[in-house]
Amino acid sequence: RVEPLVVGSGPLLCNFNQFYKVVPEVWDLWMSILQASPSATLWLLAWSTAGKASLQAYADQAGVGRGRLVFSTFFEERWHVAAKGVCDLFLDNVPYSAHGTAADALFTGLPIMTVPGLAMASRVSTSLAFASPLGSLLTVRDLDDYFAVARSLASPHALPQLDAVRKVSRSQAITSAAFDSQRWGASYVQSLRMLWDSYVQTQTAGCSHVVVLE
């Protein structure tokens, strides 16, 4: 079961993305959030032994006790999505945001703190959040805002607020645009038709990465 991994009674922050998405600037930001929120815990997946040891060492350097970090192995299939639902706040990566993991989190109602960038890979969490009941609630402009908002939410006093957000998001997730597969499929088909119409009318698809095969 997932419950034994929950340490203490304070806010449970999480990030289940692979270690290669964790850049020094964002790791330092997470450590600052933990320093400012003494009762909060950060839950991560142990993608590799070496990566886990490195992050623990960096946590030591930041003055954050190793007990504030919880590393777990991969979830059983039946718990893969449900595990996200026991957390209070998902701290997204920058500039390479969560993709499938963001969808899992939002489906359980878990709020995601994210910063959209210019590249597609840095905007997936934002797009999913906007299409979910969460909307733009926790999409911030920059890392300064990220820290300020996360610090205020990583407090025991904010747990009722986060719980209310989770309940509303969870109850409406299945009917939201983010998880409406029929709507997504119809929109995708429509975009392909528009692309083809553009090609037929101008003999070019209007973008260099589209090639029409004979």
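Going from atom CD of Q161 over to atom CG of D163 covers 11.0 Å, rounded to the nearest 0.5 Å. Interatomic distance, F179 CZ to F107 CZ, rounded to the nearest 0.5 Å: 6.5 Å. Rounding to the nearest 0.5 angstrom, the gap separating the OG atom in S127 from the CE atom in M120 is 9.5 Å. Expressed to the nearest 0.5 Å, how far CZ of R166 lies from OG1 of T108 amounts to 8.5 Å. Taken from CE in M113 to CG in D145, the straight-line distance is 9.0 Å, to the nearest 0.5 Å. Of the inter-residue distances, the one linking L12 atom CG with F90 atom CZ reads 12.0 Å to the nearest 0.5 angstrom.
Across L106 and S132, no two heavy atoms sit closer than the pair CD2-OG, 3.8 Å. Looking at every heavy atom in both residues, A103 comes nearest to L128 through N-CD1, 3.8 Å. In terms of heavy atoms, C87 sits closest to L110 at O-CD1, 3.5 Å. Here the closest non-hydrogen pair linking R141 and V115 is O-CG1, 3.6 Å. Across every non-hydrogen atom of L55 and W27, the tightest pair is O-CZ2, 3.4 Å. Taking both residues in full, the closest heavy atoms of W43 and A83 are given as CZ3-O, 3.9 Å, listed atom of the first, atom of the second, then distance.
Not one N or O on the side chain of S155 forms a donor-acceptor pair closer than 3.5 Å with the backbone of S152. H99 contributes no side-chain N or O that, together with a main-chain N or O of V124, makes up a donor-acceptor pair within less than 3.5 Å. For Q56 (side chain) and L69 (main-chain N/O), no donor-acceptor pair under 3.5 Å exists by modelled atom type. Between the side chain of S39 and the main chain of G10, no donor-acceptor pair closer than 3.5 Å is present. Of the possible donor and acceptor atoms, one in the side chain of S176 sits under 3.5 Å from a partner among the backbone N and O of A173. Under the 3.5 Å distance criterion, the side-chain polar atoms of R68 are matched with a main-chain donor or acceptor of L34. In this structure, the side chain of S37 engages the main chain of A154 through a donor-acceptor pair within 3.5 Å. Between the side chain of S125 and the backbone N or O of T114 there is no donor-acceptor pair closer than 3.5 Å.
P116 places a side-chain heavy atom less than 4.5 Å from the side chain of T139. Between V70 and L44 there is no side-chain heavy-atom pair separated by less than 4.5 Å. The closest side-chain heavy-atom distance from S72 to L45 is below 4.5 Å. Under the 4.5 Å side-chain criterion, counting only non-hydrogen atoms from C-beta, L138 is not in contact with I112.
The aromatic rings of W184 and Y188 sit parallel to each other, their planes meeting at less than 30°, with 60° as the upper class boundary.
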> Would V165 and L137 satisfy side chain to side chain contact (heavy atoms under 4.5 Å, CB included), going step by step from the backbone distance to the final call?
Replying inline: CA-CA 10 Å; V165 171; L137 184 62; 4.1 Å; yes

> Between S32 and F147, is a side chain to side chain contact (heavy atoms under 4.5 Å, CB included) present by the stated rule, with each step listed?
Replying inline: CA-CA 8 Å; S32 296; F147 172 74; 3.7 Å; yes

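With 3.5 Å as the limit, one finds a donor-acceptor pair spanning the side chains of W30 and Y146.
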Donor-acceptor pairs under 3.5 Å, side chain of residues 13-21 to any protein atom, not counting sequence neighbours: which ones?
from	atom 1	to	atom 2	distance (Å)
N15	OD1	N17	N	3.0
N15	ND2	L91	O	2.7
N15	ND2	N93	OD1	2.7
N17	ND2	N93	OD1	2.4
K21	NZ	S97	O	2.9

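The local environment of CZ in R66 is crowded, with over 12 non-hydrogen atoms from other residues, nucleotides or ligands closer than 6.0 Å. Summarising the local packing, CG of L192 is surrounded by more than 12 heavy atoms from other residues, nucleotides or ligands at distances under 6.0 Å.
Criterion: ILVMFWY side-chain heavy atoms under 4.5 Å apart, direct or through other members. Under it, L143 and L118 are not part of a common hydrophobic cluster. Transitive grouping of hydrophobic side chains (ILVMFWY, heavy atoms separated by less than 4.5 Å) keeps V168 and F130 in distinct clusters.
Residues meeting the side-chain contact (heavy atoms from CB on, under 4.5 Å) test with A53, sequence neighbours left out: none.
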